[in-house]
Amino acid sequence: MRHRPTVTCACCGRTGEHAGRGWILACHRRWRAAGRPDTGPPPPSRRYPSTTAAAIAGRIEDYRELTRDHGLTVTAAALRLGVDARTAFRYEARIRKEAP
């Protein structure tokens, strides 16, 4: 089995297995999928937003504001945040669970 060294990606700054050109595998795959442009990999898609705890907490607060203060439905708030309705329902459940 081949072992790849761990690097800090020259493209995105994340740490991961080296795939070539100083990039981690995700950046290298985006670069190849984009046709190997001279400019390097395109930025990551917003289709998969960040899943760090701070990012999730921020989106939950944004969701709370959209639904409570602006009166949007769960589905409308999900659309505004760029998440699917299932994720928005999870946000709703988490808010209800945290409420006193």
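This one's a predicted model, so the numbers in the text were calculated from it and none came from an experiment. Note that these values count all heavy atoms, side chains included, but never hydrogens, waters or copies made by symmetry.
When all heavy atoms of C11 and R30 are compared, the pair lying nearest together is SG-NH2, 4.0 Å. Minimum heavy-atom separation, L81 to R59: CD1-O, 3.8 Å. Taking all atoms of both residues into account, the shortest heavy-atom contact from V7 to I24 is O-CG2, 4.2 Å. Across all non-hydrogen atoms, the minimal contact from C9 to C12 is SG-N, 3.5 Å.
Remark: R36 CZ to H28 NE2 distance equals 6.5 Å, nearest 0.5 Å. In this structure, F89 CZ and T75 OG1 are separated by 5.0 Å, a value rounded to the nearest 0.5 Å. Once rounded to the nearest 0.5 Å, the distance linking CD1 of I95 with OG1 of T67 reads 5.5 Å. Atom CZ in R14 sits 5.5 Å away from atom SG in C27 (nearest 0.5 Å). Note that the CD1 atom of I60 and the CD atom of E65 stand 14.5 Å from one another [nearest 0.5 Å]. Between the CG atom of L25 and the CD atom of E17 there is a distance of 7.5 Å, given to the nearest 0.5 Å.
Under the side chain to side chain donor-acceptor pair (under 3.5 Å) criterion, R29 pairs with no residue, sequence neighbours left out. Residues passing the side chain to side chain donor-acceptor pair (under 3.5 Å) test with R80: none are found, sequence neighbours excluded.
The hydrophobic cluster around W23 extends to W31, counting ILVMFWY residues whose side-chain heavy atoms fall within less than 4.5 Å of a member.
Cluster membership check: L79 does not share its hydrophobic cluster with Y63, using side-chain heavy-atom separations under 4.5 Å among Ile, Leu, Val, Met, Phe, Trp and Tyr.
Within 6.0 Å of CZ on R68 lie more than 12 heavy atoms contributed by other residues, nucleotides or ligands.
E61 and R94 are not joined by a salt bridge, as no carboxylate oxygen comes within less than 4.0 angstrom of a charged side-chain nitrogen.
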